[in-house]
S.K.: 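To start, I am sharing the structure in question, which I have written as structure tokens.
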Amino acid sequence: MNKTESTIEKFNEHVVPSYGRYDLVLEHGSSRTAVDEEGREYIDFGSGIGTNSLGYCDEKWVEAVCAQAHAIQHTSNYYYTKVQADFAAKLCELTGYSKLFFGNSGAEANECAIKTARKYSFDKYGRDAQRNVIITLVNSFHGRTIATLSATGQDVFHNYFFPFVEGFVNVEANNIGDLRAKLAENEGRVCAVMFECIQGEGGVVTLDKEFLDAISEECAAKDILMICDEVQTGVGRTGKFLCCEHFGIRPNIVTLAKGLAGGIPIGVCLCDEKTCDVLTAGTHGSTFGGNPIVCAGGNAVLDRVSDGDFLGQVTAKGEHFRSRLAEIDEVEGVDGIGLMIGVRLKSKDAHDVAKACLDNGLLILTAKDKLRFLPPLTITEEEIDKGLEILKKVLAKA
Ligand SMILES: *Cc1c(COP(=O)(O)O)cnc(C)c1O
């Protein structure tokens, strides 16, 4: 048995089998390259599902995280730390939102958004109004906790776990008629509409501007909160700090997580002036939320992403990536925005292709039946070309 085999055996003996995993044991990484236990190198086009936004072990990020671990690693949320205050101020400054709540994951950020929306309506309209329905979209993904699964509009995730949290109604994405119908059916009961501008797990499906405008108008007219789940699309992934900026909409609540702290657990719920004081003392919390080490990593990410023309470069690299993909015969179409990329293949199975890429030194993701690329935002055009050569080679094989 080699090192890889013995690690996998030990792991599977002791960890619940809730994931289908590749037989790959990653040991370390630098920049955009990961190295396995046998010393093989992989170009990473997945960055841990868009999480290692600055790649592996970015020097400034490591420095910030290590310095914070030496200073103070954690304190309860009954006390303040400067590193949290700095991070919150920076993020609010960058996004124009008023205040944020700290959690540790995308699901937790969305739980906070759901609670905020329900309490907003409770406070304003009273218990008897039962204004607690949240409209979410078919094919959405909002997390794996019971409430965020209830919000998620994909039946495949719902098996086994009934009963769910009440009060979630699904509307078909990009169907304005369905949106209006469901709002009418639940007249006076809807407190929020929740959506991803690009449905990531749903297969990199970008919503139409007209549909988002319709949500925006309906919400404004009826005092319904607009919640944008930017857990995957946020933090520069699409070439703007928030993806919703591309569409000219301004949600009341935005959730962020994946790429926000460069690969350590974070989730935040950003609130506008209307929603920022809804969660009063004692109404919500999270032991690890706002962990100082995580905030230090987050500060390094925010400093980089807001530096100079970083976001412009994400856009340029996204264009380069897309134009190179379009040259490949087997590619039927390329979806998404910036460095959030979905690829429809003509005849090959996306999962087989991902596996073959791995065997050839390239890590990629899939979403539904598409290939999905969420490379580190710091990737270079040279690395994009190098990775796509591997993909081309894999696709050219029978
Ligand atoms: C990944 C994801 C989540 C869930 O995030 P976790 O950190 O896994 O809880 C929620 N929403 C979207 C859009 C996501 O992509």
Side-chain angles (χ1 to χ4, degrees), residues 16 18-21 46-53 100-117 134 136-154 156-158 161 165 168 170 173 192-207 212 226-238 242-244 246-247 251 253-270 286 288-291 294 297-298 301 335-342 365-368 370 372-375 377:
V16 298
S18 70
Y19 278 94
R21 292 176 208 269
S47 59
I49 318 191
T51 301
N52 296 332
S53 41
L100 62 81
F101 174 84
F102 281 117
N104 308 286
S105 67
E108 230 188 299
N110 288 333
E111 289 272 350
C112 178
I114 291 164
K115 285 179 75 173
T116 302
I134 297 176
T136 63
L137 303 184
V138 174
N139 198 44
S140 59
F141 182 82
H142 297 298
R144 300 283 197 162
T145 61
I146 288 287
T148 57
L149 266 186
S150 308
T152 291
Q154 294 190 67
V156 21
F157 295 112
H158 290 166
F161 304 117
V165 177
F168 290 91
N170 290 158
V193 178
M194 182 169 175
F195 56 86
E196 306 147 86
C197 292
I198 306 172
Q199 296 181 323
E201 301 307 308
V204 195
V205 177
T206 307
L207 298 188
L212 290 170
M226 186 161 43
I227 302 172
C228 191
D229 178 347
E230 295 238 18
V231 166
Q232 192 162 150
T233 54
V235 200
R237 173 58 54 194
T238 66
L242 297 180
C243 182
C244 61
H246 288 287
F247 300 89
I253 295 172
V254 173
T255 56
L256 297 173
K258 289 191 165 81
L260 185 55
I264 43 181
I266 191 168
V268 310
C269 178
L270 285 163
S286 173
F288 284 112
N291 173 271
V294 172
V301 170
D335 302 319
I337 305 177
L339 285 176
M340 181 165 180
I341 301 169
L365 302 163
T366 59
K368 287 279 179 76
K370 291 183 194 175
R372 176 171 47 154
F373 305 100
L374 299 168
L377 305 179

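Read the numbers this way: they start at 1 and go in the same order the structure lists the ligands and their atoms. Just so we're clear, the structure is a prediction, and the values are computed from it rather than from any experiment.
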S.K.: Please name all residues satisfying ring pair (Phe, Tyr, Trp, His ring centres under 6.0 Å) with F157, sequence neighbours left out, ordered by chain then number.
M.R.: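 Residues passing ring pair (Phe, Tyr, Trp, His ring centres under 6.0 Å) with F157: F141.
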
S.K.: Classify the side-chain pair T238/H246 by whether it contains a donor and acceptor separated by less than 3.5 Å.
M.R.: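 Looking only at side-chain atoms, H246 and T238 do form a donor-acceptor pair, the distance falling under 3.5 Å.
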
S.K.: I want to check something: taking the side chain as every heavy atom from C-beta on, are M340 and T206 in contact at a cut-off of under 4.5 Å?
M.R.: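 No, every pair of side-chain atoms sits at 4.5 Å or beyond.
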
S.K.: Using side chain to side chain donor-acceptor pair (under 3.5 Å) as the criterion, point out the one residue from N170, D229, N110 that pairs with T136.
M.R.: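 When N170, D229, N110 are each tested with T136, the side chain to side chain donor-acceptor pair (under 3.5 Å) holds only for N170.
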
S.K.: Output, or 'none' if empty, a list of ligand 1-protein atom pairs in which both atoms are N or O and the distance is under 3.5 Å, rounded to 0.1 Å.
M.R.:
| unit_1 | atom_1 | unit_2 | atom_2 | d |
| --- | --- | --- | --- | --- |
| ligand 1 | 7 (O) | G106 | N | 2.8 |
| ligand 1 | 9 (O) | G106 | N | 3.4 |
| ligand 1 | 9 (O) | A107 | N | 2.8 |
| ligand 1 | 11 (N) | F141 | O | 3.2 |
| ligand 1 | 11 (N) | D229 | OD1 | 3.4 |
| ligand 1 | 11 (N) | D229 | OD2 | 2.7 |
| ligand 1 | 15 (O) | Q232 | NE2 | 2.7 |
| ligand 1 | 15 (O) | K258 | NZ | 2.6 |

S.K.: Quick one: ring pair (Phe, Tyr, Trp, His ring centres under 6.0 Å) partners of F102, sequence neighbours excluded?
M.R.: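 Per chain and number, F102 pairs via ring pair (Phe, Tyr, Trp, His ring centres under 6.0 Å) with F87.
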
S.K.: Residues in salt bridge (Lys or Arg N to Asp or Glu O under 4.0 Å) with K258, at least two apart?
M.R.: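 By the salt bridge (Lys or Arg N to Asp or Glu O under 4.0 Å) rule, K258 matches no residue at all.
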
